[in-house]
2 protein chains.
Amino acid sequence: MDSLLKRINLEIAAIGGKRSRSRAQVIEVFFRTGPHATLEDLTHAVRKRNRSVGYATVYRTMKLLAKLGYAKELDFGDGPKRYESNLESHHDHLVCQECGLVSEFQEPRIESLQEQVAKQHGFLPTMHRLDIYGLCRQCALAGKKEN
Amino acid sequence: MDSLLKRINLEIAAIGGKRSRSRAQVIEVFFRTGPHATLEDLTHAVRKRNRSVGYATVYRTMKLLAKLGYAKELDFGDGPKRYESNLESHHDHLVCQECGLVSEFQEPRIESLQEQVAKQHGFLPTMHRLDIYGLCRQCALAGKKEN
DNA sequence: CTATACTATGATAATGATTTTCAAATTCAC
DNA sequence: GTGAATTTGAAAATCATTATCATAGTATAG
């Protein structure tokens, strides 16, 4: 964690930025918090430690982390954007439309088919997003019982 | 087109709704307009015919079409949501991050892998969204030349 | 250590898009 | 037509995101 923060600070310095306590706190909270947190979630979490951190700082820090490639912005079409660490290997999402649960999966065969499709279209892919919406196991079972 | 409108009106009646001229115009314009139109696009297009149609009516009509399954809401993470007809067979999107071009593709093998993944997770899928972001052929070539 | 020149911050305001409200108009069944 | 309902258009409210600005903090050169 400390070495990660150091690495990020180096990159920030490299693009002409300076360190800051608030930002470091946001970064630490972000990597310690579960995935799919909203800006509001993160702001709340940071403020538990340091009451004086403003929403704008959390916002700017997350934009910065996204720019540097450490965070990914997610948008599942409902409320606000969510953020997740980009340190782990790539994965896609299963989103429950009933309870909001977001789970993750990897499927290399899908990835490679995507590459193929892009190539066929002369398209140079930089990233993709695959979200499957529906009912998670729990909600699917609950739904069945009701009928 | 007329029969489509009739069918939609029947469904609206079935859920206790009434017809309306403005709504019919929105629906017609929507199906005649190219894909990936925003609410603003649609409002403009409708107003060419009928100056008095309000943005709210376009908004409500599109929500209704989405609810009935005739339209799909798209959100590519940039500006406002876009709408496309859901009458054609399912497809996914290639989104150019440079010029904004959105093209479509179908890949049944990806679809079936998605089914498999969902099943493995005990997940009951209702829909999915796969967007590949990157550079379209044109922009990829333009980028190469610059270097 | 201090001065200086910058970046970062927090509060707040501005923006942009979506959604709601409400009185008036329209539709439909009778 | 009449009455009970839905729909409409304009405007306001909401919600999330982004920009602004004066102040505070950080790095660096001397």
Side-chain angles (χ1 to χ4, degrees), chain A residues 5-6 8-30 36-44 46-68 71-83, chain B residues 5-6 8-29 36-68 71-83:
Chain A
L5 190 56
K6 260 176 201 156
I8 294 174
N9 274 330
L10 277 176
E11 287 189 42
I12 290 172
I15 58 176
K18 300 182 174 173
R19 301 145 174 273
S20 98
R21 168 159 284 283
S22 299
R23 186 157 58 197
Q25 288 171 328
V26 174
I27 294 175
E28 198 172 335
V29 164
F30 168 61
H36 320 134
T38 64
L39 283 182
E40 215 196 324
D41 295 338
L42 292 168
T43 304
H44 259 88
V46 172
R47 287 212 174 142
K48 278 194 188 161
R49 268 213 233 166
N50 180 349
R51 268 324 211 66
S52 73
V53 175
Y55 181 92
T57 297
V58 180
Y59 164 76
R60 284 183 288 231
T61 301
M62 293 315 299
K63 281 288 175 209
L64 180 61
L65 286 182
K67 194 173 110 187
L68 296 179
K72 264 199 301 193
E73 289 186 334
L74 309 177
D75 187 345
F76 297 127
D78 52 342
K81 289 201 179 95
R82 292 162 185 282
Y83 290 85
Chain B
L5 190 56
K6 260 175 203 157
I8 294 174
N9 274 328
L10 277 176
E11 288 190 39
I12 290 173
I15 58 175
K18 300 181 174 176
R19 299 146 175 273
S20 97
R21 169 160 283 281
S22 298
R23 187 159 57 196
Q25 288 172 328
V26 174
I27 294 174
E28 198 172 336
V29 164
H36 320 135
T38 64
L39 284 180
E40 215 196 326
D41 296 337
L42 292 169
T43 304
H44 259 89
V46 172
R47 287 213 173 141
K48 278 193 187 160
R49 270 215 230 166
N50 180 349
R51 267 328 209 63
S52 73
V53 176
Y55 181 92
T57 297
V58 180
Y59 163 77
R60 284 182 286 229
T61 301
M62 294 315 300
K63 280 288 175 208
L64 180 61
L65 286 181
K67 194 173 108 187
L68 295 179
K72 264 200 301 191
E73 289 186 335
L74 308 177
D75 186 345
F76 298 127
D78 53 343
K81 289 200 177 97
R82 292 160 186 283
Y83 290 86

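Every value quoted in this text rests on a predicted model; they were computed, and no experiment measured them. Residue numbers begin at 1 in each chain, while the letters A, B, ... track the order of the sequences.
Atom-to-atom, CZ of Phe76(B) to P of dA17(C) comes out at 16 Å; the value is rounded to the nearest Å. Rounded to whole Å, atom P of dA8(C) lies 16 Å from atom CD of Gln25(A). If you measure from atom CG of Asp75(A) to atom C1' of dT17(D), you get 12 Å, rounded to the nearest angstrom. At whole-Å resolution of the value, CD1 in Ile15(A) and C1' in dT26(D) are 16 Å apart. Between Leu10(A) atom CG and dT26(D) atom C1' the separation is 16 Å, expressed in whole Å. In this entry the distance linking OH of Tyr59(A) with C1' of dA11(C) reads 16 Å, nearest Å. Rounded to whole angstrom, the span from the CD atom of Glu73(B) across to the P atom of dA17(C) amounts to 15 Å. One interatomic measurement links the two molecules: CG of Asn50(B) to C1' of dA25(C), which rounds to 14 Å at whole-angstrom precision.
Phosphate contact (OP1/OP2 of dA8(C), side-chain N/O of Ser22(A), threshold under 4.0 Å): absent. Close to dT26(D), at under 4.0 Å from its OP1 or OP2, lies no side-chain N or O of Ser20(A). A close approach under 4.0 Å does not occur between any side-chain nitrogen or oxygen of Lys81(B) and OP1 or OP2 of dA17(C). Here Arg19(B) reaches the OP1 or OP2 of dC28(C): one of its side-chain N or O atoms lies under 4.0 Å away.
Formation of a donor-acceptor pair under 3.5 Å by the Arg47(A) side chain with backbone atoms of Val53(A) is found in this model. Not a single donor-acceptor pair under 3.5 Å links the side chain of Asn9(A) to the backbone N or O of Lys6(A).
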Checklist line | Residue pair Ile27(A), Thr61(A): steps toward the side chain to side chain contact (heavy atoms under 4.5 Å, CB included) verdict | finding: CA-CA 7 Å; Ile27(A) 294 175; Thr61(A) 301; 3.7 Å; yes

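Listed nucleotides dT18(C), dA8(C), dG9(D) differ in distance to Tyr55(B); the shortest reach to its side chain belongs to dT18(C). The side chain of Ala56(A) sits closest to dA11(C) out of dT7(D), dG9(D), dA11(C).
Among the heavy atoms of the strands, none lies under 4.0 Å from Gly79(A).
The base of dG9(D) is paired with the side chain of Arg60(B) by a donor and an acceptor separated by under 3.5 Å. Applying the 3.5 Å distance criterion, the base of dT26(D) shares a donor-acceptor pair with the side chain of Lys18(A).
To the nearest 0.5 Å, atoms CZ (Arg49(B)) and OG (Ser22(B)) are separated by 11.5 Å.
Both Leu39(B) and Gly17(B) lie close to DNA chain C; mapped to their nearest nucleotides by heavy-atom distance, the more 5′-ward contact belongs to Leu39(B). Across the interface with DNA chain D, nearest-nucleotide mapping of Arg21(B) and Arg82(A) shows Arg21(B) to be the residue nearer the 5′ end.
Checked options His36(B), Glu73(B), Lys72(B); the residue passing with Tyr83(B) is Glu73(B) (criterion: side-chain hydrogen bond (donor to acceptor under 3.5 Å, both in side chains)).
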